[in-house]
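FYI, side chains are in, hydrogens and waters are out, and symmetry mates aren't considered; it's all heavy atoms of this structure.
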Amino acid sequence: MHAVAKFSRYFDRSPDQLGLEDVRAFQVYLVAQGISWPALNQTVCALRSF
C-alpha cells in the first residue's frame, strides 16, 4: 500500500505506532501540498483500512 508507506515515511515511524490524530495531521499536510480530492479520498480510505 503506497499510501501507508508514504504516511509512515512522513512521520518516520511504523504505521502501527500512529493514531487518528496522526492521520488528520497527514491529511492537512496533503491538502497543503495540493493533492486532488479524489487522491486524498483514496489515501484516507487506504489508511482507514489499515
Side-chain angles (χ1 to χ4, degrees):
M1 292 183 138
H2 177 71
V4 175
K6 189 173 179 180
F7 176 62
S8 178
R9 280 194 311 269
Y10 177 74
F11 286 103
D12 197 29
R13 288 189 286 171
S14 174
D16 62 345
Q17 297 175 345
L18 299 167
L20 185 57
E21 289 302 316
D22 299 313
V23 172
R24 290 185 182 136
F26 188 57
Q27 283 178 287
V28 170
Y29 162 74
L30 291 175
V31 170
Q33 296 297 308
I35 192 171
S36 69
W37 288 112
L40 179 64
N41 186 44
Q42 183 178 14
T43 299
V44 171
C45 289
L47 293 175
R48 285 183 184 162
S49 71
F50 176 73

(request) Give every residue pair that meets the side chain to side chain donor-acceptor pair (under 3.5 Å) criterion with at least one member in residues 9-19, sequence neighbours excluded. (result) S14-D16

(message) Let me check something: do L30 and L20 share a hydrophobic cluster, defined by ILVMFWY side-chain heavy atoms less than 4.5 Å apart, either directly or through other members?
(response) no

(request) Could you pull out all residues at least two apart from Q42 that satisfy side-chain contact (heavy atoms from CB on, under 4.5 Å)? (result) none

(request) Tell me, please, which residues at least two apart from V23 pass side-chain contact (heavy atoms from CB on, under 4.5 Å). (result) F7, Q27, L47

(request) Specify the closest pair of heavy atoms between V4 and A46, including all atoms of both residues, with the distance to one decimal. (result) CG2-O, 4.3 Å

(request) Return each pair, listed once, that meets salt bridge (Lys or Arg N to Asp or Glu O under 4.0 Å) where at least one residue sits in residues 23-50; pairs must be two or more places apart or across chains. (result) E21-R24

(request) Please tell me if the side chains of F26 and D22 come closer than 4.5 Å, counting only heavy atoms from C-beta onward. (result) no

(request) For A39, check side-chain contact (heavy atoms from CB on, under 4.5 Å) against everything at least two apart and list the hits. (result) I35, S36

(message) Which heavy atom of S8 sits nearest to which heavy atom of L18, and what is that distance?
(response) CA-CD1, 4.5 Å

